[in-house]
Asker: 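Sharing a structure with you now.
Order of the sequence lines sets the chain letters (A, B, ...), proteins ahead of strands, with each chain counted from 1. All values reported here derive from a predicted model rather than from experimental measurement. Computation of the quantities below employed the complete heavy-atom set of this structure, encompassing side-chain atoms and omitting hydrogens, waters and symmetry-equivalent molecules.
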Protein chains: 2
Amino acid sequence: MNVPPSPASPTSAPAPSRRELNKAATRQAITDAALSLLRSKGPGGFTAEDIAEAAGISRRTFFNYFSSTDAALASVTHGFLDIVIRQLELRPAEEPLLEAAQAALMALADPKTVEPLAELFALTQHSQLMAHTDLEAWDHCRTQVFAVARDRVARAPDGADELYVHALAGSVISCGKAAMEVWFSRRGTDLSPESLAELRQLLIDAMALLGSGFSPPAAATAAPAPSAPRSS
Amino acid sequence: MNVPPSPASPTSAPAPSRRELNKAATRQAITDAALSLLRSKGPGGFTAEDIAEAAGISRRTFFNYFSSTDAALASVTHGFLDIVIRQLELRPAEEPLLEAAQAALMALADPKTVEPLAELFALTQHSQLMAHTDLEAWDHCRTQVFAVARDRVARAPDGADELYVHALAGSVISCGKAAMEVWFSRRGTDLSPESLAELRQLLIDAMALLGSGFSPPAAATAAPAPSAPRSS
DNA sequence: TCACACTCTTACACTACGTGCAACTTTGCA
DNA sequence: TGCAAAGTTGCACGTAGTGTAAGAGTGTGA
């Protein structure tokens, strides 16, 4: 399980020490093994011990990295959502949150980003075994969005905008999730440019729906439609 | 565990047979026992066997009713959310969903309805042991709202409003949840009329925020404030 | 009232989960 | 090189959750 003494490229990070490299490699080996087993055995068809064996570590070590098999798989979702959060934090502070979210979500249209999540979704589609941990991942993302939103909203003295920030953060997550779900259900694991364009459009439309208060019950957009293509 | 041969009042239900009464009583006994143990031992301080013993049944029977200790406690949340869904389904079909949701949510301001949830929240506040199953309960409610919303929206031929319904249902849930969270964090288990009035107002405001597209980042309402008091 | 079918409960056994603990090995640093 | 910190591993233990078969309770028709 140890990393061979490869001359790790000292690109940018402050201190990619040996220990951290080993841990990262082990962590990656675990998620790879878990995903591989999910492909071959299906959801629920393997145990924590199976993952550990496939990753070349002991069962005990597996639990040092992840608290459950679900958590190992949900790391895919976490990684996916972390990218969005990082993009969101990069947006200028004075930008309205909905626009910032819309812009940040565009990062999801990158094939390399969505591919793992799309596969995970396809493999666990009709099984609620992932539901637990996956919902947690989205909820964790919600708290991140909440933190970003809180810092952007002018604080009322008595915390009167508590509701505003909570509701907004939750709704942004719900709409993003809705866009992903609709895309998955329509295109499955299709990562073609047209499919990704549709995902982009769905994300834009979802944020637009939120910004317009869901006004017109019939105003919807199909695939590469003519709605506001405002992005970076 | 069996119900004494009490002359069950034949009020309305079609067939409250003995078996169903027993099952309902057992189910109730389990949740009561679980809640009682939660009060005395705190979250994570008891096992499924403890609950079974307290409820006067075997451990195996406990698992015939609930799939986990969390699920037994989350039945409180489920019961709470079921009330809202039932209210929502009673609203006239032509009423806009946001208004229907706002009206349905008013049922939550009833002390008897919120009391169990408020206590559960207070007892599990700083412990994510409930997170799993509680998130599932809210997500289950989301699917119910989705079903209601789907039936109310004029179906576009190509399913172009899929996104609309998904996003709306998720956002309604998120906003309702946000209102509950803010209320809990402000008033704890305070069930006084003023506190319930504030909850009512928070729910109204949350739906209003959603309907207005979260337009004014500073337009929030404090406690018994002067915003639209439309209710039944 | 009895007998039979159906449903629910229970005990038992078994696999898997998740964690505390105490060796043991690897890494970082002087 | 030697020591301390960090990480890995095997072991043991209690708990979760489920299959199974036997037994107790309940509904129904003769």
Asker: From C-beta outward on A/F63, which listed nucleotide comes closest to its side chain: D/dG7, C/dC17, C/dC6?
Answerer: C/dC17

Asker: CZ of A/R27 versus C1' of D/dA6: gap in Å, rounded?
Answerer: 17 Å

Asker: Can A/R150 and A/E162 be counted as an ion pair, charged N to O under 4.0 angstrom?
Answerer: no

Asker: Please determine whether a side-chain nitrogen or oxygen atom of A/T61 lies at a distance below 4.0 Å from atom OP1 or OP2 of D/dT9.
Answerer: yes

Asker: Please state whether the phosphate of D/dT26, meaning OP1 or OP2, lies under 4.0 angstrom from any side-chain nitrogen or oxygen of B/N22.
Answerer: yes

Asker: Looking only at side-chain N and O atoms, does A/Y65 come under 4.0 Å of OP1 or OP2 in D/dG7?
Answerer: no

Asker: Parallel, tilted or perpendicular: which describes the rings of B/F184 and B/F121, with under 30° parallel and over 60° perpendicular?
Answerer: parallel

Asker: Which is true for A/F62 with a 4.0 Å heavy-atom rule: it touches a base, it touches only sugar-phosphate, or it touches nothing?
Answerer: nothing

Asker: Measure from CZ on B/R60 to P on C/dT9 and round the result to the nearest Å.
Answerer: 11 Å

Asker: Closest nucleotide of DNA chain C for A/R19 versus for B/K23: which of these residues is on the 5' side?
Answerer: B/K23

Asker: So, is A/T26 close to the D/dG7 phosphate, meaning a side-chain N or O under 4.0 Å from OP1 or OP2?
Answerer: no

Asker: Salt bridge or not for A/R39 and A/E119, using N-O below 4.0 Å?
Answerer: yes

Asker: Looking at the side chain of A/I57, which of D/dG17, C/dC6, D/dT9 is the nearest nucleotide?
Answerer: D/dT9

Asker: Toward the 5' end of DNA chain D, which comes first, A/N64 or B/F66, by nearest nucleotide?
Answerer: A/N64

Asker: Does either side chain, that of B/D190 or that of B/S192, offer a donor lying less than 3.5 Å from an acceptor on the other one?
Answerer: yes

Asker: For the base of D/dG7, is there a side-chain donor-acceptor partner from A/R18 under 3.5 Å away?
Answerer: no

Asker: Considering only C/dT7, D/dT18, C/dG18, which nucleotide approaches the side chain of B/R59 most closely?
Answerer: D/dT18

